[in-house]
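Each chain gets a letter, A, B and so on, in the order the sequences are listed, and its residues count up from 1. Note that the structure is predicted; figures quoted are calculated from it, not measured.
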Number of protein chains: 2
Amino acid sequence: MQPENCPENSQLYRFLAENGMINVGSYGFPAAMQTLCTSSSTSYHNSNYHFESSVITDMTPQDRALAALKNHKEAEKRRRERINSHLDKLRDLLPCNSKTDKASLLAKVVQRVRELKQQTSELPGLETFPSETDEVTVLSGEYSSDGQLIFKASLCCEDRSDLMPDLIEILKSLHLKTLKAEMVTLGGRIRNVLIIAADKDHSVESVHFLQNALKSLLERSNSTERSKRRRVLDRKLIIQ
Amino acid sequence: MQPENCPENSQLYRFLAENGMINVGSYGFPAAMQTLCTSSSTSYHNSNYHFESSVITDMTPQDRALAALKNHKEAEKRRRERINSHLDKLRDLLPCNSKTDKASLLAKVVQRVRELKQQTSELPGLETFPSETDEVTVLSGEYSSDGQLIFKASLCCEDRSDLMPDLIEILKSLHLKTLKAEMVTLGGRIRNVLIIAADKDHSVESVHFLQNALKSLLERSNSTERSKRRRVLDRKLIIQ
DNA sequence: ATTCACACGTGATGC
DNA sequence: TGCATCACGTGTGAA
């Protein structure tokens, strides 16, 4: 807890304060008590203030504006704190001391994630079964003799019945041909590994588009509630 | 390239501008050309103004202040861009679409790094040899029958002659006893794995302090130039 | 004295 | 409308 940083120093604040808004501190909503959540950073429950009608009706437009401003200010502060707390966690996780730059820290994180991603993808046997974490991997691939770009795409997520139609639709819309497909499900999760051929004309863009499309596909999977997670038969299917 | 964001909207700017500083755009020093570093994503080309010496000598204090302000503004903008570009890279690396929150994105990153770190630390055989990436791992450990906390600490970094003395000094200052030590070097890099006992009184704090101390040790290793990287004999030493 | 990184409060924008 | 996020310009302290 650092001492309050005296926003009264601000010219604008002084300007407003001198115009008769004295008790700035008494207005405004209480900042929603933020409970520490493990990872997802977003627990904005209990924004339930019950205030009497008189409080509302007594608010002049100026008061409302000031209250909104204060609210906004505090919300922004909470947002910063949330982001910074995650950055601190990352500082703990990576080999760097506590006073490294935000930018350098993030650079290290990028590097580390790339490395780890590569390491795990190189591990034999781990790739065949679906993992517990969602994943989209699109490797750069090579050009075949006739100029087509051949590359590998992998998608690991919760299984759902309309996943394959969506996937097929995506591939069709991007004019991508599936040369080989490997599909493994285990415990309600699925891993798809596709070998794909892209037309020579827009091959690079297609790869990038595909990556984004797969990610949004995956987001859609996540937005559907977990409670619907039906138990499906584990199956392994290889088309080639 | 978005259209200029008209800082003239700002009240302060307007205030300054109305006091006779009309041609704000023509003043200002060129931002110091920032050299491109590999990872930091910053292409700050073409801020090349070449001004005659008269320009400098003609600077009134007001001009200098304005120039400094502009400089500062631009530097800050560059900093933001640097950070955000790293965040964008992380967005590409993780399974999330391009419009996910900064905070949520970072939460995912934390989760991912934790997972990957755990995965790789569980892999047999990979841990014995020093890796190419610097690493500090301090596992939580267990309490022995006499109340001491027994835990494992691992440190992987460039080898250097005064690493061991530093390490010993750290352990001594934290009142930690080394029960078992394993040291493997390969190609100028070293991996230390220590089994450590902490006094019952400040065991938890000691673990945390140790982690930070090891990290700063590692930072010191990095700050010494790589050119001094002497070729040392690979060795494997186990004390127990 | 200059540079650098950070936190802050604010306006804009989206839902 | 209110409540999110974001980019921005600024003040400030450390090297």
Return no unless some side-chain N or O of [X] is found under 4.0 Å from OP1 or OP2 of [N].
{"X": "A/Arg79", "N": "D/dA4", "answer": "no"}
{"X": "A/Lys77", "N": "C/dA7", "answer": "no"}
{"X": "A/Asn84", "N": "C/dA7", "answer": "yes"}
{"X": "B/Arg80", "N": "D/dC6", "answer": "no"}
{"X": "B/Lys102", "N": "D/dT5", "answer": "no"}
{"X": "B/Arg64", "N": "C/dT2", "answer": "yes"}

message: Let's test your reading of the model: under 3.5 Å, does the base of C/dC6 pair with the side chain of B/Glu76 as donor and acceptor?
response: yes
task: Indicate yes or no: does B/Arg112 engage A/Glu135 in a salt bridge with an N to O separation below 4.0 Å.
output: yes
- prompt: Quick one: do A/Arg160 and A/Asp166 make a salt bridge, cutoff under 4.0 Å?
  reply: yes
- request: Select from A/His72 and A/Lys99 the residue whose nearest nucleotide in DNA chain D is closer to the 5' end of that strand.
  value: A/His72
task: Round to the nearest Å and state the distance from B/Glu74 atom CD to C/dT3 atom P.
output: 12 Å
- request: May I have the distance from B/Lys73 (atom NZ) to C/dC4 (atom P), rounded to whole angstrom?
  value: 18 Å
statement: Between A/Val110 and B/His86, the two heavy atoms sitting closest are CG2-O, 3.8 Å
message: I want to check something: taking the side chain as every heavy atom from C-beta on, are B/Val136 and B/Ser154 in contact at a cut-off of under 4.5 Å?
response: no
